[in-house]
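Have a look at the structure below, then the notes.
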Amino acid sequence: MSWNSGRSRGRGGARESKRRPVVFGRNKDGKGYCINEKNLDTRSVSDHSSLTDVSITNLTAAGIQLDSSLLKRLYREYIQVRKYKLHNVSVEPLMNNFTEWHGNIIGPKDTLYSGGIFHFIIYFNEDHPKYPPTIKMATRIEHPCIINGIIELDMLTPLVKQKNMSLPSNSVDKSRYWFPGYSTLSILLQLEALFYEGTVEVALRNLSDLTEYESSKSKWESGVRFSVEQSFHMSCNSCKHRPRKMWPVVDQSVDSENKVDPHTCISHYLEGVYCYYSLKKYDEAALGIGINITKDARSGAVQKVKCIPILVSLSSFKSSKGREVWRETFMHWMPIYLDKYSPERSLHLAKRSISSIYTGGPNEFQPSMALDFFPRFLTSTCVSFFQANDGSESLLQLKAYCYMHRLFLQFLMDYPELKEKAKNVLTQFIGDPSARHIDVIPNSGILLIYITFTGLTWNDLMQSFVYESLDRNVRNILKHFPELSTIEKNASIDGDRISRSFSGYNITGLRFVMMQLTFNRIFLAPEGSSLDTVIDLYDKYYSLLPSTYEDQLLEQIEPIKAVKSFSEYFKQIGFPHQTEKQLLILLKESIANSLEKHYHGGKAIDVLSPEEFEKQRLGCIRPLDELLSAADMTDDDWHALVDTRFGVSEVPDTYLGVDNPWKHIYLQHNLQELVGKLNENPDFKLLYETLVLSNEMLRHFELVTFSPHNIKSHYFFLSRIVELLPNLSHLTISKGEVALGAKGFKELVKGMTKSAGSLKVLTMKYLGIEESHVSKLAESRLTSDGLETLILEGNNLRSEGAVKLSELMIQHRSLPNLAELNLRCCQITDDGMKALAESFLVKRNLKKLDLSKNNATAIGLAKVLQNLAYNACIEDVNLSDCGRMKGRHEEFVAALAKLFHLTISLRKLNFWKTDVSQCITEENMKMLSKNSTLQFWDLGFVAGGAQEALGIVFSSNVSNLEELDLSKNGLDYNKCRKIYEKAKNNASRIQRLNLLGNENFLNVTVHKQCQLMVELFTVTFANVTFLNISNCNLVSDAAKIISDVLACNTSLYHLDMSMNQIGKHGARFLAAGLLKNTKLRILNLDSNNIRSAGAHYLASVLNQPSCFLQELYLFCNFIDVPGSVAICKALKTNSHLTLIDLGLNKLRKKGAAAVIDMLSVNKVLRCLCLKFNYIPDIWAIQLLKQLVLQKNCVVDQIKLAGNSLKYETLVTISNLLKEAHRTIQFDLELRAQYLHPDRMERTVYVSPISGFVTPDIIKKLFYTKKCGAIVNVTIGKHKKRKASFAKANYAFIEFAHKDSVELAVDLMRQRDADLGAGAQPRITKAGLDSK
């Protein structure tokens, strides 16, 4: 029975015929290479009779550019095909190209294709088996599944993205499509069946007209007969197939003696036991099953376990290649247990896997973890078994179930105390009603597993289990039928209570109970059996079940799914029959029990209201008038008040240099809090008193808009605030639950009209400001006094609004001192740009302009640049992300040339993601080469094409261009060569060069090309101090070029090579260059896969006195323990490195010990990053003790996030840091505060939420629903989730009372947690893994 291709009853064990070697390719001498089937050795052959042994590792060296893992995979597929004797199909690889296989298929009898010899070619791509091969028919053929010679089958359609390939819908059965477990044999078996499907009825199924059908039928059958006739005369130019000389030959003989009956041949059960990705068998590699887990959002305990029922080897799992099946990625791996094949290794790996799942580290295994893990796995897999789309998928789940059950049984044999522990749980559940509560046993399904090995039976458990299940399902029933909550006698409700209760019941839970009990009855714990009996059965069939057992289980799926009433359910599980009256009583009792247990919100909750909490919180804080009149208030006292009341601990940049900044900050936040609550508490008397007390000092005010529906005067308060604050210099209005609107904008303008004219910075982002609003600005003093910065980002001004704004700016009295204008993302087109350009001729004080992310074309942007050329103050222009800028436009070319020629002030110019590549010509670059002001130019994401012209700038001795961004420009060797040739061996003045994302531009191997690239960076870019070549897909050859550059370059200070693939060989080359370099201070090699060997090479550099590196980043390089030990040993003597990042490198406890040992000697290291390293809690504590107690240690920053440290450990570390003789920053310090049990009890996690959702909107939701007072709202952005803006963020809400959490969670259950746009976020109790 094949594990990876479902249930197979086909032929097996065919007699192996005498086979010639498999040829993989030819070397330079014309000799071919082949692999010996027994030991995978390669041989060189000049013909089929001359063989010479050659090692498999010499294939690539011999000139055959073929990845070794692909070669081995294809070889295994070939052996698989040869062993499985196909009747009508043959296939052979080409001698000079093993990725191209040729084959023949004989048209089967009783079809129109009978007797035809159809030649086909299989093309394997370099990513095989991730993507399916392409099969092309070399013989002309009429067939409904063959389009333009390409065979189109579901199984040849990928479920992962590939260029130029259409993908199937996510709603269809994914098992029909390609996944890496399929092999050439799978394809050939499908091809055998292909011709049986090529009937005229299938080909013409879309024709409904009878006359047209008959006519087309005759033509189609004639075409098929012609195809058969032509197949006898076909010749293939790529192989030896000729007319009347078939190659490869199809063996049509049937060897009936080698057919195997899977019911009687036990060895048949091992046929499918191999890795789906590498095809390695059970005796060649450790095999296991992919697993994903879900942890409880509150405690961090494992809650759900889901398996992907496909075997994968440990090596494939570790390489990440075998972690994705049908678009689903698994993050954990659990070995299977085969008693006859390395059982000790399986148990060892299982313990490490379980430990990693529960603790994050592989060496913390406890037997109780196995008792928790395996029952969860088995219950989850049982559900997947009966929910599968078809029998073959059910069998895959059943096999996964059996493999893990056999492993679990071995743990029970090795740790007998687990049986006793499970028996105690069962006994308490049966005898003590309080032990049945969902808080005690969250997943009651595990009890059905416990009864299979504890000596207790289903009859012992049945009554308590059924009653508790009924109680737990009340919430679900009442969710669908709330009227059933009435338990008093009521004929209209009780008449159909039973049927409706069953309809609202968790049907999946019912089916699981029936299915699991069927498992128990048939093979887990059949009557009269013992654990030894079950183990012997498993070991006899290699941890699987006999086919008869499988058939029995499959036969039970439909009867279980057919259960439609409580009576049928009770009959299935053996529960005593209940009359209608008895069942009514049972259902009503369950509602009463659920209410008593608080399963459906029966708990009376009394929480503090926001008003009461505010009164308590502010009770100890003196009123504002007393604070201002108190003579003893220092700025430190104001700081303490701000931190206590508003949670602000650092002085914002806008208050730097201000006297008594904390007093100003307190006044600002006090007024902002008061205004934010006006709609709920419109106390205008208090507002005006606060304004009077604050007006002399308050300079900054921020308002988050809200709906003033409870305020009769609506936004009048905004007018008064602006009017009564004579020294207000910075006003920021941000979008909250609503936009500002016409009324709000009108009051704002009215206030500015009456104000003292002190406003200098006005920020109004995404407020829905339109053309009509802009015209109102003319009525205010805003346009005639001291405003220096106007930010209108994200408002839908369009061109009409831009025209109105330009009209205001053209007036000499309007905005005379405007220095910064931000109109980013305002939907401005060319007409608006032209109008604004005219105003720039008038506004000569303008220094900073942002028109990015608008809809202008080259015409509008050219007008802007042309007029800015005459502005003597402009310093910073941002025209990035203007997506309608395409192709070459002479107006833009001329405008850019004029700007470079005339400007005397421009410092920064940003064209990021604006396609100006064809507008950068030699003409305007000659102008730039003579420009002495431009220092920064961003040309990132402009699609390349301008490099030759840029070379002119690099050759200039006048240009002061210091920073150039050419990220994602498609740079390659040819474009770099043009830059070098134009630069004419001159050294440019560029100091910072960003080449991020230019894939493969340094991956050259020819010596002459390598030399040119070295000269480019040592001559043309000789003055570069910062070079970013991250994410460029650089390999070891590129590292050799960089090594040569480092050996010659005397300016480079900071080199970023992160997110490449230089590997250990690249690290070796790089180390050689570093030994000759004395200038480089910062080196970033994050995510370069240098492994342990690469770390040793870098350690040899750090050991040298001539190494002056100060910062080294090695995050995600998997250097493992040996690599970390080598680095730490080198740091014992290194006297310059102040920062080292060893995150995600699998240091574990031995690596942590090496770090501790290093810190006892090192006297210069200041920052130590050890994130995601499986460091156990005890070693993390030892590490911090070393930092604190070692007097010579100067480390003042330590990062340990991602090491799954327990809360108690974080508390211990925090206490240690308090004893330090210096300040040490700990990245988990804040997390330790948040994870305090008291705070966790009062906190919920809300996700996903829109990017527009603010803390005030969240507070309004929970206050409106009377969930109680909120202490703090923290909003964060999802880092990993690729979601729309509407689902971009998450939030933690800390309540004042722990019972508020229950009320908040109930909002989600009742679908009453709308945070805008009808979105219903998930609200859960906050915990270790909420984020």
Side-chain angles (χ1 to χ4, degrees), residues 654 699-701 718-719 722-723 725-733 740 745-765 767 769-826 828 831-852 854 863-865 867-879 905-906:
T654 51
R699 292 177 171 80
H700 298 74
F701 181 73
L718 183 57
S719 171
V722 178
E723 178 184 350
L725 295 176
N727 296 317
L728 185 67
S729 61
H730 291 69
L731 176 60
T732 301
I733 306 178
L740 186 62
F745 197 82
K746 180 179 179 182
E747 293 298 335
L748 173 64
V749 171
K750 187 187 297 184
M752 289 189 293
T753 303
K754 299 178 181 180
S755 69
S758 60
L759 196 63
K760 292 185 178 181
V761 178
L762 176 61
T763 302
M764 296 186 291
K765 294 184 178 181
L767 290 178
I769 297 174
E770 299 176 353
E771 170 201 356
S772 58
H773 300 144
V774 176
S775 59
K776 292 283 185 182
L777 288 174
E779 303 173 9
S780 70
R781 296 187 64 180
L782 166 74
T783 58
S784 57
D785 291 324
L787 193 74
E788 297 176 359
T789 301
L790 178 60
I791 300 176
L792 297 175
E793 178 181 334
N795 292 289
N796 196 18
L797 297 181
R798 300 187 182 275
S799 288
E800 295 80 1
V803 170
K804 292 289 185 181
L805 182 61
S806 67
E807 291 174 355
L808 293 177
M809 293 168 64
I810 288 175
Q811 298 175 19
H812 289 284
R813 292 187 305 167
S814 299
L815 303 168
N817 298 311
L818 187 66
E820 179 180 350
L821 177 63
N822 184 339
L823 298 177
R824 173 181 169 83
C825 196
C826 288
I828 301 173
D831 291 339
M833 289 292 180
K834 291 177 181 178
L836 289 170
E838 295 300 322
S839 67
F840 298 152
L841 293 173
V842 177
K843 291 293 168 260
R844 295 301 182 91
N845 292 324
L846 191 65
K847 294 182 178 180
K848 187 174 182 179
L849 175 65
D850 190 343
L851 294 174
S852 60
N854 281 294
K863 189 65 175 176
V864 170
L865 293 177
N867 288 3
L868 287 175
Y870 299 102
N871 190 309
C873 293
I874 193 70
E875 296 179 357
D876 187 342
V877 178
N878 187 349
L879 298 179
S905 58
L906 187 63

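Source: prediction; values computed, not measured.
- Among residues two or more places apart in sequence or in another chain, the salt bridge (charged side-chain N to carboxylate O under 4.0 Å, His left out) test is passed with Glu771 by none.
- Residues satisfying the salt bridge (charged side-chain N to carboxylate O under 4.0 Å, His left out) test with Lys750, not counting sequence neighbours, are Glu747.
- Annotation: salt bridge (charged side-chain N to carboxylate O under 4.0 Å, His left out) contacts of Lys765 (sequence neighbours excluded): Glu793.
- Residues passing the side-chain hydrogen bond (donor to acceptor under 3.5 Å, both in side chains) test with His700, sequence neighbours excluded: Tyr655, His730.
- In terms of heavy-atom proximity, Met809 sits nearest to Val842 at O-CG1, 3.9 Å.
- Here the straight-line distance linking atom CG of Leu748 with atom NE2 of His773 works out to 11.0 Å at 0.5 Å rounding.
- With Ser758 contributing its side chain and Ser729 its backbone, the two residues share no donor-acceptor pair below 3.5 Å.
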Practice prompt. Go through Leu790 and Leu805 one step at a time and tell me if the side chain to side chain contact (heavy atoms under 4.5 Å, CB included) criterion holds.
Written response: CA-CA 11 Å; Leu790 178 60; Leu805 182 61; 4.3 Å; yes
Worksheet item: Passes side chain to side chain contact (heavy atoms under 4.5 Å, CB included), Leu879 versus Leu865? Steps please.
Response: CA-CA 10 Å; Leu879 298 179; Leu865 293 177; 3.7 Å; yes
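- Checked against side-chain contact (heavy atoms from CB on, under 4.5 Å), Ser772 has no partners two or more places apart in sequence or in another chain.
- Within the 4.5 Å cutoff, side-chain heavy atoms of Ile828 are placed close to those of Leu836.
- Rounded to the nearest 0.5 Å, atoms CG (Leu868) and CG (Leu846) are 7.5 Å apart.
- Nearest heavy-atom pair across Ser905 and Cys873 is OG-C, 3.3 Å.
- Checked against side-chain hydrogen bond (donor to acceptor under 3.5 Å, both in side chains), Ser806 has no partners two or more places apart in sequence or in another chain.
- Rounding to the nearest 0.5 Å gives a distance of 8.5 Å between CE of Met752 and CG of Leu718.
- For the pair Leu725/Leu731, no side-chain contact is recorded, criterion being any heavy-atom separation below 4.5 Å from C-beta on.
- By the 4.5 Å heavy-atom criterion applied to side chains, Val864 and Val877 are not counted as neighbours.
- Partners of Asn795 according to the side-chain contact (heavy atoms from CB on, under 4.5 Å) rule, which considers only residues two or more places apart in sequence or in another chain, are Leu767, Ile769, Leu792, Leu797.
- At a threshold of 4.5 Å between non-hydrogen side-chain atoms, the residues Lys843 and Leu815 count as touching.
- Note that CD of Glu820 and OG1 of Thr763 are 8.0 Å apart. Values are rounded to the nearest 0.5 Å.
- In this structure, CG on Leu759 lies 12.0 Å from CG on Asn727, to the nearest 0.5 angstrom.
- For the pair Val722 and Ser755, the tightest heavy-atom approach, listed with the atom from each and the gap, is O-CB, 3.7 Å.
- For Asn796, the side-chain contact (heavy atoms from CB on, under 4.5 Å) criterion is met by Arg798, Gln827, not counting sequence neighbours.
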Fill in: Worked verdict on Arg824 versus Ser852 for side-chain hydrogen bond (donor to acceptor under 3.5 Å, both in side chains)
CA-CA 5 Å; Arg824 173 181 169 83; Ser852 60; 2.8 Å; yes
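- Applying the salt bridge (charged side-chain N to carboxylate O under 4.0 Å, His left out) rule to Lys760 yields no partners; only residues at least two apart in sequence or on another chain are considered.
- Glu838 is linked by a side-chain contact (heavy atoms from CB on, under 4.5 Å) to Ile810, Leu841, Lys863, Asn867, counting only residues two or more places apart in sequence or in another chain.
- Counting only distance, with no hydrogens or angles, the side chain of Asn845 and the backbone of Pro816 share a donor-acceptor pair below 3.5 Å.
- Partners of Glu875 by side-chain hydrogen bond (donor to acceptor under 3.5 Å, both in side chains), not counting sequence neighbours: none found.
- Atom CG in Leu762 sits 6.5 Å away from atom CD1 in Ile733 (nearest 0.5 Å).
- Partners of Phe840 under the ring-ring contact (aromatic ring centres under 6.0 Å, His included) rule, at least two apart in sequence or in another chain, do not exist in this structure.
- Side chain of Asn854 to main chain of Cys826: a donor-acceptor pair is present (N/O by atom type, distance under 3.5 Å, no hydrogens or angles).
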